[in-house]
There are 2 protein chains.
Amino acid sequence: MSLPRKKMTDNFPGCPVEAALGFLDGKWKGVILFHLMGGTRRFNEMRRLMPNVTPRMLTKQLRELEDSGLISRTVYPVVPPHVDYDLTELGKTLEPVVRALHSWGLDHVVCRDNRIETSVEPLEEHNF
Amino acid sequence: MSLPRKKMTDNFPGCPVEAALGFLDGKWKGVILFHLMGGTRRFNEMRRLMPNVTPRMLTKQLRELEDSGLISRTVYPVVPPHVDYDLTELGKTLEPVVRALHSWGLDHVVCRDNRIETSVEPLEEHNF
DNA sequence: CCGTATCCTAGACGATACTG
DNA sequence: CAGTATCGTCTAGGATACGG
């Protein structure tokens with residue numbers, strides 16, 4: 001039986017920090033989680049929040065987060081299609097981590113246009 | 001505090017979370033920072049702490065962290081060579097982030113022994 | 001002790017176009 | 001609206017060997 005061929009040498013994290021970062025690996029995962037902390041989001045809503053992410057990459061990162069158990073994908077079989085993305089309970093446990101990252105970024109990095117972005121129009125207020 | 005940039009050519013992050021993660025990008029940076037939180041470390045000391053990292057990769061990640069302003073490298077011109085790595089003041093500001101990652105890893109991931117599991121929800125396998 | 005020097009490959013990431 | 005399908009580039013990361 002062929003196991004998914006990836007190098008089996010050190011496939012597994014040797015340290016909790018490495019393990020945790022493994023879940024955030026990927027260019028957009030942290031940002032996706034951050035935006036989902038503001039509540040349910042739909043696909044094109046995310047695209048609007050993250051204008052530089054191509055649909056292909058957004059799909060890929062969302063699927064990986066879903067496979068990791070951090071977010072859920074809910075499909076409503078209607079026309080036009082309606083898909084909701086949410087944090088799972090496990091995903092919500094990452095909030096302190098994402099909050100710490102966000103706080104550090106605010107304190108130590110100047111973002112594009114010198115403008116600080118927060119999640120746009122959150123369904124629930126979250127003050128960081 | 002000065003405003004560090006990884007590289008001048010880097011795209012500006014569109015979100016503080018993305019910005020912060022940019023500094024931790026790389027397979028071993030988080031773990032390196034974590035170990036340096038325990039105090040000054042020397043090169044081969046780090047190798048012992050991270051047995052799976054090749055010297056090439058360790059050097060590379062250390063240099064990038066240094067370029068980011070998160071760690072300092074102190075060379076003592078003696079024989080045999082003696083080099084100390086430490087967190088800078090900026091690097092120390094990342095401690096809450098690294099601690100959050102570490103804590104999450106401890107709470108939700110079981111490392112070693114060829115298995116990785118979460119304690120919250122059943123997870124499919126991960127390839128790290 | 002503390003690294004470099006080469007060489008190599010998988011896959012991450014992006015651009016663009018298309019679809020049920 | 002919410003994605004796929006292709007194709008292409010680039011580089012992070014590893015294996016191995018050597019050097020001051």
Side-chain angles (χ1 to χ4, degrees), chain A residues 2-14 18 21-32 35 40-68 71-86, chain B residues 6-7 9-11 13-14 18 21-32 40-68 71-86 126-128:
Chain A
S2 57
L3 293 165
R5 273 303 292 185
K6 227 183 168 184
K7 288 172 189 135
M8 290 311 281
T9 59
D10 193 39
N11 249 357
F12 300 95
E18 185 189 345
L21 280 173
F23 284 81
L24 295 175
D25 197 33
K27 193 165 177 182
W28 310 105
K29 292 215 185 101
V31 190
I32 290 173
H35 286 308
T40 302
R41 302 289 182 200
R42 298 178 58 172
F43 189 82
N44 281 347
E45 206 176 352
M46 298 287 278
R47 291 193 66 183
R48 261 172 261 124
L49 291 167
M50 307 159 65
N52 295 321
V53 191
T54 63
R56 190 183 91 89
M57 281 315 296
L58 183 54
T59 301
K60 189 163 177 285
Q61 304 278 293
L62 285 168
R63 289 288 134 79
E64 289 176 17
L65 286 168
E66 196 190 353
D67 292 342
S68 297
I71 71 173
S72 65
R73 178 172 178 271
T74 309
V75 182
Y76 299 93
V78 295
V79 180
H82 180 144
V83 178
D84 280 347
Y85 291 93
D86 288 280
Chain B
K6 278 201 318 179
K7 294 170 189 168
T9 55
D10 274 358
N11 292 330
E18 185 189 344
L21 280 173
F23 284 81
L24 295 176
D25 197 33
K27 192 165 179 183
W28 310 104
K29 293 215 185 102
V31 189
I32 291 173
T40 302
R41 303 287 182 200
R42 298 177 59 172
F43 189 83
N44 281 347
E45 206 177 351
M46 298 287 280
R47 290 192 68 183
R48 260 171 262 127
L49 290 167
M50 309 160 65
N52 296 320
V53 191
T54 63
R56 191 184 91 90
M57 282 313 297
L58 184 54
T59 301
K60 189 162 175 284
Q61 304 279 290
L62 286 167
R63 290 289 191 278
E64 288 177 17
L65 286 168
E66 195 189 353
D67 292 344
S68 298
I71 71 174
S72 65
R73 178 172 178 271
T74 309
V75 182
Y76 299 93
V78 295
V79 180
H82 181 145
V83 179
D84 279 348
Y85 291 94
D86 288 280
H126 287 275
N127 292 320
F128 284 107

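Everything quoted here is computed from the prediction, not taken from an experiment. Just so it is clear: chains get the letters A, B, ... in the order the sequence lines come, proteins before strands, and each one is counted from 1.
- For A:R41, no side-chain nitrogen or oxygen approaches OP1 or OP2 of D:dA2 to under 4.0 Å.
- Distances were taken from every side-chain heavy atom of A:R73 (C-beta onward) to each of C:dC2, D:dA2, C:dA12; the shortest belongs to D:dA2.
- Within the structure, a side-chain polar atom (N or O) of A:Q61 is placed less than 4.0 Å from OP1 or OP2 of C:dC13.
- Between A:R63 and A:E66 a salt bridge is recorded (basic side-chain N to carboxylate O distance below 4.0 Å).
- Atom NZ of B:K60 and atom P of D:dA15 are 15 Å apart (whole Å).
- To the nearest angstrom, P of C:dG3 lies 11 Å from CZ of B:R47.
- Within 4.0 Å (heavy atoms only), A:P80 reaches sugar-phosphate atoms of the nucleic acid but no base atom.
- Summarising the geometry, the separation between CE on B:M57 and C1' on D:dT11 is reported as 11 Å, rounded to the nearest angstrom.
- To the nearest 0.5 angstrom, A:T54 atom OG1 is 8.5 Å from A:W28 atom CH2.
- Rounding to whole angstrom units, CG of residue A:L62 and P of C:dC13 are separated by 13 Å.
- Atom CG of A:L58 and atom P of D:dC1 are 14 Å apart (whole Å).
- Remark: B:K27 is in phosphate contact with D:dG14, judged by side-chain N or O atoms under 4.0 Å from OP1 or OP2.
- For the pair A:I71 CD1 and D:dA2 C1', the computed distance is 14 Å after rounding to whole Å.
- Rounded to a whole Å, the CG atom of B:N44 is 9 Å from the C1' atom of C:dG3.
- In terms of phosphate contacts, B:Y85 brings no side-chain nitrogen or oxygen within less than 4.0 Å of OP1 or OP2 of C:dC1.
- Atom CE of A:M46 is separated from atom P of D:dC1 by 16 Å (rounded to the nearest Å).
- At the phosphate of C:dT4, OP1 or OP2 sits under 4.0 Å from a side-chain N or O atom of B:R63.
- Using cut-offs of 30° and 60° on the angle between ring planes, the pair B:H82 and B:Y76 is perpendicular.
- To the nearest 0.5 angstrom, A:K27 atom NZ is 12.5 Å from A:I32 atom CD1.
- Here the nucleotide nearest the side chain of A:R42, chosen from C:dC2, D:dA2, D:dG3, is D:dA2.
- Judged by closest nucleotide on DNA chain D, A:H82 is the one of A:H82 and A:D25 placed further toward the 5' end.
- Here the rule is side-chain hydrogen bond (donor to acceptor under 3.5 Å, both in side chains) with A:E45, and of A:R41, A:R42, A:R48, A:R47 only A:R41 fits it.
- Applying the 3.5 Å distance criterion, the base of D:dG3 shares no donor-acceptor pair with the side chain of A:R56.
- Between A:T54 and B:F43, the residue anchored nearer the 5' end of DNA chain C, judged by the nucleotide with its closest heavy atom, is B:F43.
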